[in-house]
Amino acid sequence: MVFEDRFRNHILPDKIHMLNVSFLVPQMRREYGGCGGNIAYNLKLLGDTGYLMATVGRDAGLYLQWMSDNGIPTDFVRVIESEHTAQGFVTTDLDDNQIWAFHPGAMQQSHVNEVSQAARSQRIKVGIVAPDGREGMIRHAAQFAAAGIPFIFDLGQAMPLFDGEHLKTFITQATYLALNDYEWQVVQQRTGWNESQILKHVQALIVTRGAEGSEIHTREGKIVIPAARPKAVVDPTGCGDAYRAGLLHGLLHGRDWETTGRIASLLGAIKIESRGTQNHRFTSDEFASRYRDNFGTPLLPVAG
């Protein structure tokens, strides 16, 4: 929702203790999102199948149909009839200030799903624990580790939910750790672990730095990934999820880290060009052409 004025014109600083304001928003746009949904959508664009494991509410019919229409399996999406689907409401003013309200709804029940449910019926090669309900993230990380399935741990917006000891547990269970630069600082502060200590537990530490690109730290050294060039900067929301889908794609197909990082970078840049998190599209030929234009080398076909 966009408020066609500025919040500062309607909020009196000396009355902030008794705030009571109303903003007229003539237009409203509804987008499909959620970290898991965004990742699965981007994986599908790359030609892969991501099995989304999530909980949604009784109002999820249109979203489930959207997933089906876009070839995203919903086998492990459970409907919690007593809840609404998690959703965020944001009002933005003309200065791009934002007021958010987030309702977790059915997401708080994400722990009712178990990794073993998917592992029994599908050949799961790699997984990701993305921001979700607190208990769900704790259980799913442990379940991936117990099943011997390599997975990425992605802290993201769930950062306030976990202290240093929780983060240490996640890191020891995970195969890969993906963070943005701010989350990376917080993880170091809360755990007391530096890069070398974390790399004793994970095979790779991936740190994204927005327009400055990203870094992939492994036990063999650091790989600097340049940022791909978007044709236009329209909406960065969901860029991190697109990047993580690129990481999963590379891991699925045994690509080297440099190529994997560049695929992830380009996928994030393509997402930025569209409003919303699941409205961008491309063909494999278009993606390969943009990869070559951005990085100066051809994108070789995937193995198998």
Side-chain angles (χ1 to χ4, degrees), residues 1-39 41 54-63 66 80 82-110 130-134 137 154-162 179-186 189-190 208-212 227 230-244 268-280:
M1 295 168 280
V2 177
F3 175 51
E4 297 176 349
D5 200 340
R6 292 169 172 81
F7 294 144
R8 57 183 167 84
N9 294 337
H10 299 265
I11 298 176
L12 303 177
D14 60 335
K15 301 295 183 182
I16 198 72
H17 62 289
M18 49 186 295
L19 188 65
N20 188 348
V21 293
S22 177
F23 303 112
L24 177 67
V25 287
Q27 297 182 9
M28 183 175 72
R29 191 181 73 253
R30 185 179 187 180
E31 299 286 0
Y32 297 121
C35 296
N38 296 341
I39 292 168
Y41 178 84
T55 45
V56 297
R58 58 184 179 271
D59 56 345
L62 291 176
Y63 197 176
W66 167 263
I80 308 296
S82 60
E83 298 282 357
H84 290 289
T85 304
Q87 45 202 306
F89 304 85
V90 60
T91 302
T92 304
D93 73 359
L94 296 181
D95 290 329
D96 285 331
N97 295 306
Q98 294 185 334
I99 296 176
W100 271 93
F102 182 74
H103 174 64
M107 189 180 76
Q108 298 176 103
Q109 304 297 320
S110 62
D132 203 349
R134 182 180 185 275
M137 293 181 71
D154 174 18
L155 180 59
Q157 300 96 323
M159 184 169 55
L161 302 179
F162 304 109
L179 308 161
N180 66 28
D181 49 359
Y182 179 75
E183 293 157 4
W184 171 223
Q185 295 301 316
V186 171
Q189 182 184 60
R190 290 186 186 172
T208 59
R209 302 188 182 279
E212 297 178 10
K231 294 178 180 178
V233 178
V234 177
D235 181 4
T237 309
C239 177
D241 296 331
Y243 185 100
R244 281 146 182 77
I270 291 173
K271 202 271 37 89
I272 286 176
E273 299 165 357
S274 299
R275 197 168 299 283
T277 58
Q278 298 180 27
N279 294 319
H280 53 293

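Any value given below was found using the heavy atoms of this structure, including those in side chains, with hydrogens, waters and symmetry copies removed.
- Side-chain atoms of Asp93 come within 3.5 Å of backbone N or O of Asp95 as a donor-acceptor pair.
- Residues Asn38 and Gln278 approach most closely at OD1-NE2, 3.0 Å, considering heavy atoms.
- To the nearest 0.5 Å, atom CD1 of residue Ile99 and atom OG1 of residue Thr91 are 6.5 Å apart.
- The number of heavy-atom neighbours closer than 6.0 Å to CD of Gln98, taken from other residues, nucleotides and ligands shown, is above 12.
- Between atom CD of residue Gln108 and atom CG of residue Asp132 there is a gap of 10.5 Å, rounded to the nearest 0.5 Å.
- Within the model, atoms CG of Asp154 and CD1 of Ile39 stand 6.0 Å from one another, a figure rounded to the nearest 0.5 Å.
- Listed here is the closest heavy atom pair of Ala106 and Gly57: CB-N, 3.7 Å.
- When side chains are defined from C-beta on, Phe23 does not count as touching Met1, because their heavy atoms never get closer than 4.5 Å.
- Taking NZ of Lys15 as the reference point, atom NE2 of His17 lies at 6.0 Å (rounded to 0.5 Å).
- A donor-acceptor pair under 3.5 Å is absent between the side-chain atoms of Arg275 and the main chain of Glu31, judged by distance alone.
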I would like to know whether Thr277 and Asp241 meet side chain to side chain contact (heavy atoms under 4.5 Å, CB included); could you show each step before the answer? CA-CA 9 Å; Thr277 58; Asp241 296 331; 5.7 Å; no
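- Within a 6.0 Å sphere centred on CG of Asp14, heavy atoms belonging to other residues, nucleotides or ligands number more than 12.
- Thr92 contributes atom OG1, which lies 8.5 Å from atom CG of Asn97 (distance to the nearest 0.5 angstrom).
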Full working for side chain to side chain contact (heavy atoms under 4.5 Å, CB included) between Gln157 and Phe102: CA-CA 12 Å; Gln157 300 96 323; Phe102 182 74; over 6 Å; no
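- Between Val21 and Phe7, the closest side-chain pair of non-hydrogen atoms is not below 4.5 Å.
- Of all non-hydrogen atoms in Asn180 and Arg244, the two that sit nearest each other are N-NH2, 4.1 Å.
- Other residues, nucleotides and ligands place more than 12 heavy atoms under 6.0 Å from the CZ atom of Arg29.
- A ring-centre distance under 6.0 Å is found for His280 and Tyr41.
- The shortest side-chain heavy-atom distance between Thr55 and Glu83 does not fall under the 4.5 Å cut-off.
- Minimum interatomic distance between Asp235 and Lys271 (heavy atoms only, all atoms of both residues): O-NZ, 2.9 Å.
- The two residues Met137 and Ala158 have their closest heavy-atom pair at SD-CB, 3.6 Å.
- Note that the SG atom of Cys239 and the CD1 atom of Ile272 stand 4.0 Å from one another [nearest 0.5 Å].
- Looking at Met28 and Phe89, their side chains never come closer than 4.5 Å, going by heavy atoms from C-beta outward.
- The salt bridge (Lys or Arg N to Asp or Glu O under 4.0 Å) check on Arg58 picks up nothing, with sequence neighbours excluded.
- By the ring pair (Phe, Tyr, Trp, His ring centres under 6.0 Å) test, His10 pairs with Phe3, sequence neighbours left out.
- Across all their heavy atoms, Lys231 and Glu273 have their closest contact at N-OE2, 2.7 Å.
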